[in-house]
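All values below were derived from every heavy atom in this structure, side-chain atoms included, with hydrogens, water molecules and symmetry-related copies excluded. Labels below follow one simple rule: chain letters A, B, ... track the order of the sequence lines, proteins then strands, and each chain is numbered from 1.
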Amino acid sequence: MLAFILKRLGLLIPTFLGVTIASFAFIRLLPGDPVLLMAGERGLTPERHAALLKQFGFDRPLWEQYFEYLTGIFQGDLGVSLVTKNPVFDEFFTLFPATLELSICAIIFAVVIGIPAGIIAAAKRGGPIDHSVMGTALVGYSMPIFWWGLLMIVFFSGILKWTPVSGRISLMFYFPQVTGFMLIDSLLSGQKGAFTSAMSHLILPTIVLGTIPLAVIARQTRSAMLEVLSEDYVRTARAKGLSNFRVIGVHALRNALIPVITTIGLQVGVLLGGAILTETIFSWPGIGKWMVDSIFRRDYPSVQGGLLMIAGIVMIVNLIVDLLYGLINPRISHD
Amino acid sequence: MTDSTYSVDADKRKGGRVDLLIEFWFYFRENRGAVIGMWFFLFICMVALFADVIAPHGPIDQYRDALLTPPVWQEGGDWRFLLGTDAVGRDVLSRLIFGSRYSLFVGCIVVSISLVIGVMVGLAAGFFRGAFDTIIMRIMDIVLAFPSLLLALALVAVLGPSLTNAMIAIAIVQQPHYVRLTRAAVMGERGKDYVTAARVSGVGSIRLMFVTILPNCLAPLIVQATLSFSSAILDAAALGFLGMGAQPPTPEWGTMLAEAREFILRAWWVVTLPGIAILLTVLAINLMGDGLRDALDPKLKRS
């Protein structure tokens, strides 16, 4: 097992270095003078230009610049946002809890509905329930979620007036950030109605962001379940006279969930990508919206830092999923 | 497979292929959803092909006397504009019809670029192994570490927002899937006896890769091509929606949605219809993809 972990970590290092090269190259590939891009000022005098060129180190050899960038990363230095003048690293972690909260809720939503739906479809294979569950899942899988979000707003916020259109919580409430999770902070604040307000803001983005993972999880659960149900030990369990519920819910489910866990882990990238669209539509103050805003404001140090951080998070989660998979699946050999 | 005998080898091969096609169609036809998806996809293709003839108006013609006209079945509808008009008086139906061209075009171009490059790189990596393989796979890992839409967005920021650049970005983002798939298939095939036989009889590397091995790796690639066709359409629409893909006044569906956003509570049709167009097209292709997978993948066949 230890060898397996070390090997996986060993694979991670070159990939991570590659990601840093990619984000390093990003600023230098942008069209235009990098000094102007990084300075974010217009009408620079030649003297100021030369000073900035030196300050940013663009006059030095590329490998030296890269080395400095890399050392900076390990010290938590991702540069300074051109718009707010705050360190990108701090900006990222101020906004990240909002995205994390939304992503966690979305994945819970997807798992809680997706796994039972997949199980039921597999149990009723070929019947009308199976067809309608899988049909719905395919529609969800094909959904342009930016449009789905707009539809939700039109229906639930516009027509029914059940939920607010955007933001994380009503402006009526103000309380200190403790965890950065609005649901928890609103409970801690003890203010009446704060939790309900946070909840009502969260619900539509959760559904929108969770739709594609939900569809993927339901489809994967069904096919994993079908595969397991055809195995001998399931037939033995049936032959022993166990109830259908017990065979499916206990014997088969245990093994069927192994590939599903991997699928859930792989949704992290999907969630962070989907967050870009979902957060933009619902004005959710997380990193997805921040990335889009930064691109439009030409705040390239923020984009660069965000790219690196998001790729880093995806890589770490994928590593954890891999290790977990090795842990729960005794059939995998680690050599 | 067939009990008829052929004296000429070439004939046998030809007969085999026809049989394969017939067998494929037999399994594909079983899946009703896939057949419906295929017909709908052909319908969209026809619409795109004959857009000039079908569309009642030009995609960027503005009718100043009919801004935000609702669809014809609603009060205030106008028979000139079956699905209503948008905020600057353009016919929504005509824009949707012309929009199909962009979506199909994006799908075709993205799939062609990423398929051709991905297959070649994957073939080479799986065939030669060694350092080349390691480097290629690490590069693919790097691309896969970024959420695809985010990477596409960043690439478009570098290249500049336009439909062409969006297609290039999406093609780059989709590359690793083809490379990995081809490589895995090649590694599965290259140890088999027929490959060894061909090699022993003096077939060169290039011919071995493209003529001997590749045809036996096609099934997963075809399925992947269908799935990436639909995700290319979705990603291009998402980029258009974010303002980083096709630029107004192009009647691209995602861009149309972006333009319509401010009217969502006033004029449902300008928001709803382009989304339905995207959804139905993507759904049709995915239905087809599911059917293809079931018909082509021998492991899942008849399950």
Which residue out of L234(B), D141(B), L149(B) racks up the most heavy-atom pairs below 4.5 Å with chain A? L234(B)
Near R32(B) CZ, under 6.0 Å, is it more than 12 heavy atoms from other residues, nucleotides or ligands? no
Would one find more than 12 heavy atoms of other residues, nucleotides or ligands at under 6.0 Å from atom CZ of F43(B)? no
Please identify which of these residues, L279(B), D235(B), L257(B), meets the side-chain contact (heavy atoms from CB on, under 4.5 Å) condition with P144(A). L279(B)
Chain A shares the most heavy-atom pairs under 4.5 Å, among A238(B), S230(B), A258(B), A284(B), with A238(B)
Got a donor-acceptor contact below 3.5 angstrom from the W147(A) side chain to the V271(B) backbone? yes
Looking only at L29(A), I313(A), I276(A), the option with the highest number of non-hydrogen pairs under 4.5 Å against chain B is I276(A)
If I take atom CZ from residue F241(B) and atom CG from residue L150(A), how far apart are they, to the nearest 0.5 angstrom? 4.5 Å
Would you say that more than 12 heavy atoms from the other residues, nucleotides or ligands in this model lie under 6.0 Å from the CH2 of W148(A), or not? no
If you tally heavy-atom pairs under 4.5 Å against chain A, which of L159(B), N286(B), L287(B), I285(B) wins? N286(B)
Contact class of R219(A) relative to chain B, heavy atoms under 4.5 angstrom: side chain
Tell me, for F296(A) versus chain B, whether the close heavy atoms (under 4.5 Å) come from the side chain, the backbone, both or neither. side chain
Check each atom of M143(A) against the heavy atoms of chain B and say whether the ones under 4.5 Å are side chain, backbone, both or neither. both
Only pairs of heavy atoms separated by less than 4.5 Å count here; which of T15(A), L11(A), I310(A) has the most with chain B? T15(A)
Could you point out which residue of L283(B), T281(B), I233(B) forms a side-chain contact (heavy atoms from CB on, under 4.5 Å) with S142(A)? L283(B)
Any side-chain heavy-atom pair of I142(B) and F16(A) under 4.5 Å: no
Between L265(B) and G158(A), what is the shortest heavy-atom contact and its length? CD2-CA, 3.7 Å
Contact origin within I276(B) toward chain A - heavy atom pairs under 4.5 Å: both
Full working for side chain to side chain contact (heavy atoms under 4.5 Å, CB included) between V282(B) and Y141(A): CA-CA 9 Å; V282(B) 172; Y141(A) 183 69; over 6 Å; no
Using non-hydrogen atoms only, which part of L151(A) is less than 4.5 Å away from chain B: side chain, backbone, both, or neither? side chain
4.5 Å side-chain heavy-atom contact, L153(B) and M291(A): no
Please check if atom CD1 in I129(A) has more than 12 non-hydrogen atoms from other residues, nucleotides or ligands closer than 6.0 Å. no
Taking atom CG of L239(B) and atom CZ of F146(A), what is their separation to the nearest 0.5 Å? 9.0 Å
Taking L150(B) as the fixed residue, which of L272(A), L307(A), V303(A) is the one that meets the side-chain contact (heavy atoms from CB on, under 4.5 Å) rule? L307(A)
Could you tell me which portion of I281(A) (side chain, backbone, both or neither) has an atom closer than 4.5 angstrom to a non-hydrogen atom of chain B? both
Counting only heavy atoms not in F105(B) (residues, nucleotides, ligands), do more than 12 fall under 6.0 Å from its CZ? no
Any side-chain heavy-atom pair of P147(B) and V314(A) under 4.5 Å: yes
